[in-house]
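Structure first, then comments.
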Amino acid sequence: MRRPGAAAILLLTLALSGCGERQSALRPGGAVAEAQASLTYVMVVGGALILALVCALTLFAVFGGDRWRRRYGRESFVVAGGLVFPTLVLAALLVYGLLQTRDDIDRDGARIRIEVVGEQFWWRIRYLDPDGRPILETANEIVIPVAQTIALSLKSADVIHSFWVPNLAGKIDMIPGRVNDLHMRADRVGIFRGQCAEYCGAQHARMAFYVRTVEAEEFDRWRKAQTRPAEEPENPSLKRGAALFVAAGCGACHAIRGTSSQGSVGPDLTHVGARATIAAGLLPNNAGALAGWIASSQHLKPGNRMPSFAVFSGVELRLIAEYLQSLK
Amino acid sequence: MREALSIVLVSTLLFACDGDREAASHLIPDADAERGGRLIAMAGCGACHEIPGIVAARGIVGPSLRTFARRVTIGGVLANRAGNLMDWIRDAPRIAPGTAMPAFDFNEREAADIAAYLYTLR
């Protein structure tokens, strides 16, 4: 039998690091993720040690000879090693696991409340005031300040989704007709990728979101900017783009606060230009990708709930995309 | 026999000339085609274009860029030369106002790298 060799080890290491910094449960960025990572390491290392022990005993049993069999073939050893040892270890692991995963973040200190609604195949995000009323609505990107407890209310508009941002927290299912609560706290500034973690349909694999953790002042600035309605553009080509957006009926599904577009079926686009990505993490956010998405969304993400708008002339498509990009 | 040999020789020379002309106009000093490929992936060019060698780049809004290096025009408007390609990538609407392709915020170095990648598509 060939030895696994350096190649296999290298592949394994690459696979483990494949998720990179932005979407890795092994790079905790907050309290919940740290507890999960600790539990993971304890179980993996502990499991590996027990596996090694069991393999060694197997080898001794097969190749060890009479002396080993006499010493370790007795019933008392089987009871000790096969009954007492696992019971103690598993009981200890159970207690440890329950302690690590208990939700002991200071809930009452959560001054930022966010409602996340899973939709096919994007994330509706509403920031709430202390009484639970929405202050602002956005999509596919959550911005939070570091070192503060965030209270998330997780819901679903259609089927079961699951909220998971490996660096910070999750997975918690989002079940239609039910509200699940999740508290989390980010300990460092960064941008982390999250992913729907419960199969929800054709584009489940392309239902991603980003969490940006920023300093408190930047968060206040961002929140203020997000609550402002969109401004009427002055630039003539942006004006034309805005008019085309309305004329094409985009407002039937999308809202741009401050305009006549008040649709709530699809993501709120009031500040779409400020997001890092579009189409739930599928594409970078620039006018070109926006144009491609508008004209061929069904080709890029077949089965998503937005039809392809292959009806525009080249310049019309570009003007609409440039208008949306300007909505920062 | 001598005729056949001359035909073969002349044809080869003609092909060689064509290749030289193309190679010269596609030459971009110090450009990094590999970095260009990464820029293409990050910018989402694949949302509109099919681009060989770029993951998930199979867009149908703009023309496919398969064998782009062999094409004679850019967007049916400009001669396919390195300088023109870089201008096009950075601000297509200025050259062709009716185009769906918007301007992109690339600096000259980045546009050169992207053009170099596109010129590997033969």
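Naming: A, B, ... by sequence-line order, numbering from 1 per chain.
- If you tally non-hydrogen atom pairs under 4.5 Å between each of A:A310, A:G314, A:A295 and chain B, the highest count goes to A:G314.
- No other option in A:L283, A:V315, A:L319 has as many heavy-atom pairs under 4.5 Å with chain B as A:V315.
- Neither the backbone nor the side chain of A:A321 comes within less than 4.5 Å of any heavy atom in chain B.
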Tabulate, with distances rounded to 0.1 Å, every donor-acceptor pair spanning chain B and chain A at under 3.5 Å.
residue	atom	partner	partner atom	Å
A:N286	ND2	B:A43	O	2.8
A:H299	NE2	B:R58	O	2.6
A:V315	N	B:G98	O	3.3
A:R318	NE	B:T99	O	2.8
A:R318	NH2	B:P97	O	2.7

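- In terms of heavy atoms, B:A100 sits closest to A:A291 at O-CB, 4.5 Å.
- A:Q262 is linked by a side chain to side chain contact (heavy atoms under 4.5 Å, CB included) to nothing, counting only residues two or more places apart in sequence or in another chain.
- The two residues B:C48 and A:G288 come nearest to each other via the heavy atoms SG-O, 3.9 Å.
- Of the residues considered (B:G98, B:G62, B:A96, B:P102), B:P102 shows the highest number of contacts with chain A, using heavy-atom pairs under 4.5 Å.
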